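Working notes for the structure below.
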Amino acid sequence: MKILEVKDLTVKLDNKTILENINFEVKKGEILAIVGPNGGGKTTLLKTILGFIKPYRGKVEILGLPPKKAVKTGKIGYLPQKNNTPKKFPVSVLDVVMFGLVNSKLSKNEKLQKALEYLDYVGMKDFKDRPFSDLSGGQQQRVSIARVLVAEPEIIFLDEPSTGIDVVAQESFYEFLKKLRDQKNITVVMVTHDVGAVAKYVDKVAGLNRYLHFYGSPKDFFKKDILSKLYGADIELIVHSEECVTCEHFRFKTEDKTC
Ligand SMILES: Nc1ncnc2c1ncn2[C@@H]1O[C@H](COP(=O)(O)OP(=O)(O)O)[C@@H](O)[C@H]1O
Ligand SMILES: [Mg+2]
């Protein structure tokens with residue numbers, strides 16, 4: 001079942017074309033990774049899908065509705081690229097998750113129970129009274145995800161959720177996203193730089209740099225011509241063989257790791 005459709009989408013900001021003629025669909029329960037170079041328009045695409053930016057041409061339909069109407073249903077979760085939680089403000093882990101229920105009609109006690117349930121789900125219940133700012137990057141990200149999930153959305157949009165998390169924590173973060181999809185049938189659309197993890201954890205990849213250079217399975221994405229088209233000739237990828245392409249050692253050359 002189709003949950004998101006982007007059709008003939010062109011977006012201009014300050015008269016500059018940021019996205020051009022983008023077409024793709026996401027089915028319910030899929031995990032989609034949007035990848036591409038900095039400034040390629042990934043965040044702009046998410047903001048347009050969520051109705052914060054008006055298309056110049058084309059349309060977006062989400063849950064069968066135009067973006068603004070869809071967002072009002074409360075069935076859409078969004079974790080923006082930058083975490084705006086004030087660093088010094090002494091807000092507890094539980095408070096952060098409760099923020100996710102500000103528009104909910106539940107009673108105070110029901111909200112509390114729900115928040116605790118989702119903290120438990122992300123493995124952070126024991127931290128409920130701790131200041132959010134004291135947590136590690138990975139722990140903060142789990143709590144932020146609980147804040148998004150507590151409203152029980154059908155589809156979530158995560159903009160670079162694993163940035164600032166170490167590699168081990170990243171792995172468990174992606175495992176967690178998979179569990180989320182398997183247990184709750186949530187659709188996940190995430191922007192990530194972590195191309196290596198993409199092969200293992202996602203169903204579809206969108207390669208975006210103004211144009212949608214690629215949309216399909218991770219296996220097809222890891223072909224050299226697609227990657228160089230997307231990232232440009234200056235990025236050299238360590239791809240030694242077909243088997244290697246989908247293995248966990250696949251990395252950009254900055255990590256200097258070979259298979
Ligand atoms: N509000 C804005 N006004 C004008 N240009 C913008 C605005 N927001 C982003 N841009 C430009 O759009 C391009 C894509 O940005 P962005 O969507 O943030 O890329 P990404 O998330 O892939 O790094 C960049 O060139 C950026 O400078
Ligand atoms: Mg971005």
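Counting starts at 1 for both ligands and their atoms, in listed order. Along the sequence shown, the residues carry numbers beginning at 1. Note: hydrogens, waters and symmetry copies are ignored here, and every other heavy atom, side chains too, is used. All values derive from a computational prediction rather than experimental measurement.
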Where is the tightest heavy-atom contact between N209 and L230, given as atom of each residue plus distance? ND2-O, 3.3 Å
Same cluster (ILVMFWY, side-chain, under 4.5 Å), Y215 and I18: yes
Between F127 and D134, is there a side-chain heavy-atom distance shorter than 4.5 Å? no
Measure across L101 and K114 and return the closest heavy-atom pair with its distance rounded to 0.1 Å. CD1-CB, 4.1 Å
R147 and L79 have their tightest heavy-atom pair at NH2-CD1, 3.4 Å
Can you produce the list of protein nitrogen or oxygen atoms under 3.5 Å from a nitrogen or oxygen of ligand 1, alongside each distance?
{"residue": "ligand 1", "atom": "17 (O)", "partner": "T44", "partner atom": "N", "Å": "2.9"}
{"residue": "ligand 1", "atom": "17 (O)", "partner": "T44", "partner atom": "OG1", "Å": "2.5"}
{"residue": "ligand 1", "atom": "19 (O)", "partner": "G41", "partner atom": "N", "Å": "3.2"}
{"residue": "ligand 1", "atom": "21 (O)", "partner": "T43", "partner atom": "N", "Å": "2.9"}
{"residue": "ligand 1", "atom": "21 (O)", "partner": "T43", "partner atom": "OG1", "Å": "2.9"}
{"residue": "ligand 1", "atom": "22 (O)", "partner": "G40", "partner atom": "N", "Å": "3.2"}
{"residue": "ligand 1", "atom": "22 (O)", "partner": "G41", "partner atom": "N", "Å": "3.0"}
{"residue": "ligand 1", "atom": "22 (O)", "partner": "K42", "partner atom": "N", "Å": "2.8"}
{"residue": "ligand 1", "atom": "22 (O)", "partner": "K42", "partner atom": "NZ", "Å": "2.8"}
{"residue": "ligand 1", "atom": "23 (O)", "partner": "G39", "partner atom": "N", "Å": "2.8"}
{"residue": "ligand 1", "atom": "25 (O)", "partner": "K16", "partner atom": "NZ", "Å": "3.3"}

What closest approach, in Å, do L112 and L94 show between heavy atoms, and which atom pair accounts for it? CD1-CD2, 3.6 Å
Report, one line per pair, each donor and acceptor closer than 3.5 Å where one atom sits in a side chain of residues 173-184; sequence neighbours left out.
{"residue": "Y174", "atom": "OH", "partner": "S162", "partner atom": "OG", "Å": "3.1"}
{"residue": "Y174", "atom": "OH", "partner": "T192", "partner atom": "OG1", "Å": "3.0"}
{"residue": "Y174", "atom": "OH", "partner": "D194", "partner atom": "OD2", "Å": "3.4"}
{"residue": "R181", "atom": "NH1", "partner": "G29", "partner atom": "O", "Å": "3.1"}
{"residue": "R181", "atom": "NH1", "partner": "D203", "partner atom": "OD2", "Å": "2.7"}
{"residue": "Q183", "atom": "OE1", "partner": "Y121", "partner atom": "OH", "Å": "2.9"}

Taking salt bridge (charged side-chain N to carboxylate O under 4.0 Å, His left out) as the test, write out the residues that go with K7, two or more places apart. none
Under 2.8 Å from the Mg ion (ligand 2), which protein N, O or S atoms are there? Could you list them by chain and number? T43 OG1, Q81 OE1
Do L158 and I145 come close enough that some side-chain heavy atom pair is under 4.5 Å? yes
